[in-house]
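Input: a single structure, listed below in structure tokens.
Basis for what follows: all heavy atoms, side chains included, without hydrogens, waters or symmetry-related copies.
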Amino acid sequence: MDIDNIEKVKQESALLVTPGYLITQDPEFMRGHGTFAEDSAIYSSVSGVVERINKLISVRPFKQRYQGEIGDIIVGRITEVGSKRWKVDVNSRQDAVLLLSSINLPGGIQRRKSESDELQMRTFFSEGDLVFAEVQNYFNDGALSLHTRSIQYGKLRNGTIVKVFPKLVPRSRSHFHSLPCGVDVVMGVNGYIWVSKHVPQSTVEANAEEIYSNKNEKISTQERETIARVCNCITLLDRLFIKITDTSVIYTYEASLGHAAKEILNHDIAADLADQVKARLNDH
Amino acid sequence: MQELLSPEGLRVDGRRPNELRKISCRASVLRSSDGSAYYEQGNTKVLVAVYGPHESRHRSQVQFDRAFINVEFNVAPFSTNERRKRSKNDKRLLEIASAIKQTFEPVVITTLFPRSQIDIYLHLFQHDGGTLETCINAATLALIDAGIPLHDYVCACTAGYIENTPILDLNHTEEASPETPDLTIAILPRTQKIALLQMESKLHVEKVEEIITAAMHGCKFIHKKLDDAVSQVTKELSEKLNQ
């Protein structure tokens with residue numbers, strides 16, 4: 001099958017290729033991601049679906065690590081504290097970098113960073129801490145540079161993380177949702193999702209000094225159970241390859257209320273809930 | 001001494017000389033890894049998990065222009081007739097791991113992932129000859145499943161020589177017999193280039209070409225099997241994501 005036939009094929013189904021598949025021998029095409037050129041012919045290097053934009057041919061694999069784009073909202077875990085920078089695991093092919101100069105220092109946004117800040121970097125973020133950040137830039141080698149220069153970004157506490165398939169979290173206008181069940185959810189497009197106790201935005205702003213605090217607030221047993229239930233709902237959506245949005249999480253949560261939080265992932269119950277959620281999503 | 005080739009021309013397990021063992025394989029079997037595969041060739045069974053590309057775990061291994069490939073090969077204590085626990089530093093295991101690493105280094109397009117690391121963990125569950133060939137085939141499947149760019153599939157097959165007959169895909173009994181030379185070959189099916197050629201026994205030079213041809217024939221058959229498995233998984237994933 002040649003590229004000229006793609007248009008025809010596309011109407012029926014997408015062209016799925018495997019590594020080493022000859023996509024075209026026509027020298028007028030340019031090779032994009034997921035392809036390589038040999039003797040002026042373009043071959044696929046991954047297994048996935050062929051995409052063509054004018055003369056650019058690329059192959060998009062279905063399963064791949066997270067590939068960052070500028071402006072993405074992500075959740076990451078600090079792996080290393082270096083000089084003037086932190087390394088952050090963001091489920092990508094390299095750790096991202098968070099520079100000391102791209103965080104809000106406690107005590108006012110306008111404050112200049114001083115040498116003592118460099119010495120007490122661990123009091124802001126230390127190894128294992130979770131951060132909510134935005135992708136600011138790329139480095140030459142493809143590593144991401146993050147920033148947390150906004151009141152909504154910063155250290156995460158009062159909750160737990162769920163790891164999902166990155167493709168299931170679509171890029172959208174808002175990645176921070178306060179669900180009606182009293183739980184805040186941060187959906188990192190890198191596939192890390194943070195589920196935490198709801199804290200009103202006004203309280204966060206009032207306690208600006210506490211943004212780097214490591215202490216959880218008091219979380220009642222009932223709040224803990226709701227958090228656990230939302231986590232299980234997200235895991236369920238991940239297992240069944242349903243797009244994870246605030247709507248789908250709320251639907252799953254509502255459908256799950258008839259069962260105990262720990263039962264949601266049992267095979268039969270999960271399948272039953274998934275059917276209900278899919279049906280509701282299709283209705284809208 | 002057991003007869004390896006019966007007067008009717010059949011082998012110990014009833015196969016004809018140019019017949020492969022039954023292959024069954026499946027990609028995407030684990031949830032926690034980036035890519036995984038389970039592969040059976042006759043009674044040799046192996047499970048592979050691929051993690052990466054991710055940040056290098058050791059500073060000393062970082063390469064500034066390409067990804068580093070790390071291969072670990074383990075054999076389950078219950079995999080052989082005699083239950084035996086092997087140490088992590090068993091020379092035989094390290095040798096196989098390094099052969100696999102060398103086979104994949106030129107095939108994986110590592111230059112796309114500078115400073116990263118790709119881990120390939122292989123676990124042998126049942127051993128019935130042809131360890132290296134099964135491991136290579138399984139690793140190919142798992143790498144493709146992880147979405148790691150490759151120049152081509154890598155397909156491996158073994159071949160030997162018994163009583164003037166070239167035989168394909170040796171099992172443990174045939175492999176263990178001292179007078180059977182056995183050769184492992186891995187090819188890139190698209191270009192027909194040889195990625196690995198390994199033989200540790202004596203064989204007359206005139207006969208080498210004959211068994212290489214036989215083994216390459218086997219590789220092409222395996223390529224078809226792997227390609228089918230990949231297509232199946234890709235199709236399933238495409239349907240799941242577009243539902």
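In this structure, no portion of B/S56 lies under 4.5 Å from any heavy atom of chain A. Both the backbone and the side chain of A/S47 come within contact range of chain B, with heavy atoms under 4.5 Å apart. Residue A/D89: no heavy atom, backbone or side chain, is found under 4.5 Å from chain B. Neither the backbone nor the side chain of B/D65 comes within less than 4.5 Å of any heavy atom of chain A. Of the two parts of B/L188, neither the backbone nor the side chain holds a non-hydrogen atom closer than 4.5 Å to a non-hydrogen atom of chain A. With a 4.5 Å cut-off on non-hydrogen atoms, B/L143 does not touch chain A at all. Neither the backbone nor the side chain of A/K163 comes within less than 4.5 Å of any heavy atom in chain B.
Closest heavy-atom contact between B/Y153 and A/P19: CE1-O, 3.4 Å. Here the closest heavy-atom approach between residue A/R239 and residue B/R31 is recorded as CA-NH2, 3.5 Å. Residues A/F36 and B/H151 come closest through the heavy atom pair CZ-O, 3.1 Å. Of all heavy-atom pairs spanning B/P149 and A/V46, the tightest one is CA-CG1, 3.7 Å. When all heavy atoms are compared, the tightest approach of B/P114 to A/D141 is CG-O, 3.7 Å.
Between chain A and the residues B/T140, B/D152, B/L150, the largest count of heavy-atom pairs under 4.5 Å involves B/L150. Chain A forms more heavy-atom pairs under 4.5 Å with one residue of B/R115, B/Q117, B/K235 than with any other, namely B/R115. The residue among B/P53, B/S231, B/G147 with the most heavy atom pairs within less than 4.5 Å of chain A is B/P53. Among B/I118, B/D34, B/V230, the residue making the largest number of heavy-atom pairs under 4.5 Å with chain A is B/D34. With respect to chain A, the highest number of heavy-atom pairs below 4.5 Å among B/A67, B/P189, B/G52, B/A146 belongs to B/G52.
The NZ atom of A/K243 sits 6.0 Å away from the CG atom of B/L241 when rounded to the nearest 0.5 Å. Between A/Y21 atom OH and B/D227 atom CG the span is 10.5 Å, to the nearest 0.5 Å. For the atom pair CZ (A/R93) and OG (B/S116), the distance works out to 6.5 Å, reported to the nearest 0.5 Å. For the atom pair A/K63 NZ and B/I144 CD1, the distance stands at 12.5 Å (nearest 0.5 Å). Atom NE2 in B/H54 sits 11.0 Å away from atom CG in A/N91 (nearest 0.5 Å). For the atom pair CZ of A/F165 and NZ of B/K240, the computed distance is 9.0 Å after rounding to the nearest 0.5 Å.
With respect to the salt-bridge test (charged N to carboxylate O, under 4.0 angstrom), the residues B/E55 and A/R77 do not qualify.
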Test salt bridge (Lys or Arg N to Asp or Glu O under 4.0 Å) on B/R57 and A/E80 and set out the steps.
-> CA-CA 12 Å; B/R57 294 281 176 264; A/E80 207 180 302; over 6 Å; no

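More than 12 non-hydrogen atoms from other residues, nucleotides or ligands lie less than 6.0 angstrom from CZ of A/R171. Sparse packing is recorded around NZ of B/K225, with 12 or fewer heavy atoms of other residues, nucleotides or ligands lying under 6.0 Å away. Environment of CG in A/D283: crowded, with over 12 heavy atoms of neighbouring residues, nucleotides or ligands closer than 6.0 Å. In this structure, A/H33 places its NE2 atom where only 12 or fewer heavy-atom neighbours from other residues, nucleotides or ligands lie under 6.0 Å away. Heavy atoms of other residues, nucleotides or ligands lying less than 6.0 angstrom from NE2 of B/H217 number 12 at most. Within a 6.0 Å sphere centred on CD of B/Q192, other residues, nucleotides and ligands contribute more than 12 heavy atoms. Counted within 6.0 Å of NZ on B/K22, heavy atoms from surrounding residues, nucleotides or ligands total 12 or fewer; the atom is thus considered open.
Residues B/V233 and A/F62 have side chains not in contact (no heavy-atom distance under 4.5 Å, counting atoms from C-beta outward). Looking at A/E38 and B/T191, their side chains come closer than 4.5 Å, going by heavy atoms from C-beta outward.
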